[in-house]
Amino acid sequence: MARLDDQQIEQKLGGLDGWQRSGDAISKRFELQDFKGSVDFVNRLLPEAEGMNHHPDLEISWNKVTVTVTTHSEGGLTDNDFELAKRIDSVS
């Protein structure tokens, strides 16, 4: 999978709601009702990540989950990152 250039990244970010670029990654903070809701959300995104064999970095803080996506093997953002972001949004 080819690494995207800055123009491609900005274009793809425009098609996502709430995702932000941070260096060579994109991230989004999801707010849930409580800790259980946060864990349930992570469990819902698990099949999407596993199905793509593409695993985000996750940070859980009570009712908030921050998801960060990048393609480590490519050293930056690829189409897979944006596809996973869309799938994560669909289960949020």
Side-chain angles (χ1 to χ4, degrees):
M1 177 115 337
R3 185 175 170 173
L4 300 174
D5 64 33
D6 289 337
Q7 182 178 4
Q8 292 169 312
I9 291 167
E10 290 306 314
Q11 181 182 20
K12 289 184 176 290
L13 267 178
L16 295 175
D17 183 36
W19 290 84
Q20 299 179 0
R21 184 177 183 182
S22 178
D24 289 331
I26 55 173
S27 63
K28 182 175 179 177
R29 175 184 270 182
F30 295 85
E31 289 197 32
L32 295 303
Q33 291 194 321
D34 54 22
F35 183 73
K36 183 183 181 316
S38 293
V39 173
D40 289 345
F41 169 62
V42 170
N43 286 330
R44 287 193 308 273
L45 71 82
L46 178 70
E48 299 299 334
E50 283 293 307
M52 291 183 66
N53 193 30
H54 194 47
H55 306 101
D57 293 329
L58 303 170
E59 180 183 326
I60 299 174
S61 179
W62 192 65
N63 71 332
K64 296 175 183 70
V65 178
T66 302
V67 180
T68 303
V69 183
T70 190
T71 303
H72 297 286
S73 62
E74 294 297 325
L77 291 160
T78 67
D79 283 328
N80 270 358
D81 300 308
F82 290 91
E83 178 60 29
L84 182 57
K86 287 179 189 176
R87 291 182 186 199
I88 291 169
D89 279 345
S90 75
V91 299
S92 67

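What you see is a predicted model; the values in this text were computed from it and never measured.
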Give, for atom CG of Leu77 and atom CD1 of Ile9, the distance between the pair rounded to the nearest 0.5 Å.
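Reported value, rounded in 0.5 Å steps: 4.5 Å.
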Contacts of [X] that satisfy side chain to side chain donor-acceptor pair (under 3.5 Å) - sequence neighbours left out:
X: Asp6; answer: Arg21
X: Thr70; answer: none
X: Glu83; answer: Arg87
X: Asn80; answer: none

Co-membership, hydrophobic cluster, residues Val39 and Leu46, 4.5 Å side-chain:
no
Check: Thr68 and Leu58 side chains under 4.5 Å, non-hydrogen atoms:
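Contact flag for Leu58/Thr68 side chains = no.
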Considering non-hydrogen atoms only, spot the tightest contact between Val69 and Leu84 and give its length.
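Taking every non-hydrogen atom into account, CG1-CD2, 4.2 Å.
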Got a donor-acceptor contact below 3.5 angstrom from the Asn53 side chain to the Glu50 backbone?
no
Between the main-chain N or O of Asp5 and the side-chain N or O of Gln8, is there a donor-acceptor pair closer than 3.5 Å?
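Yes.
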Using side-chain contact (heavy atoms from CB on, under 4.5 Å) as the criterion, list what pairs up with Glu59, not counting sequence neighbours.
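So Glu59 forms a side-chain contact (heavy atoms from CB on, under 4.5 Å) with Thr66.
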Output all residues satisfying side-chain contact (heavy atoms from CB on, under 4.5 Å) with Ser38, sequence neighbours left out; order by chain, then residue number.
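So Ser38 forms a side-chain contact (heavy atoms from CB on, under 4.5 Å) with Leu32, Ile60, Val65.
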How would you list all residue pairs meeting ring pair (Phe, Tyr, Trp, His ring centres under 6.0 Å) that involve residues 36-88, not counting sequence neighbours?
Phe30-Phe41
Can you list every pair that meets salt bridge (Lys or Arg N to Asp or Glu O under 4.0 Å) and has a residue in residues 24-35, with sequence neighbours left out?
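Counting only pairs at least two positions apart or across chains, the salt bridge (Lys or Arg N to Asp or Glu O under 4.0 Å) contacts touching residues 24-35 are Arg3-Asp24, Lys28-Asp89.
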Using a strict 4.0 Å threshold on nitrogen-to-oxygen distance, state whether Asp40 and Lys36 make a salt bridge.
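Lys36 and Asp40: salt-bridged.
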Less than 3.5 Å apart, any donor N or O on the side chain of Thr78 or Thr71 sitting next to an acceptor on the other?
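Per modelled atom types, Thr78 and Thr71 side chains form a pair under 3.5 Å.
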Which donor-acceptor pairs under 3.5 Å do the side chains of residues 11-18 make with protein atoms, sequence neighbours left out?
{"residue": "Lys12", "atom": "NZ", "partner": "Asp79", "partner atom": "OD1", "Å": "3.1"}

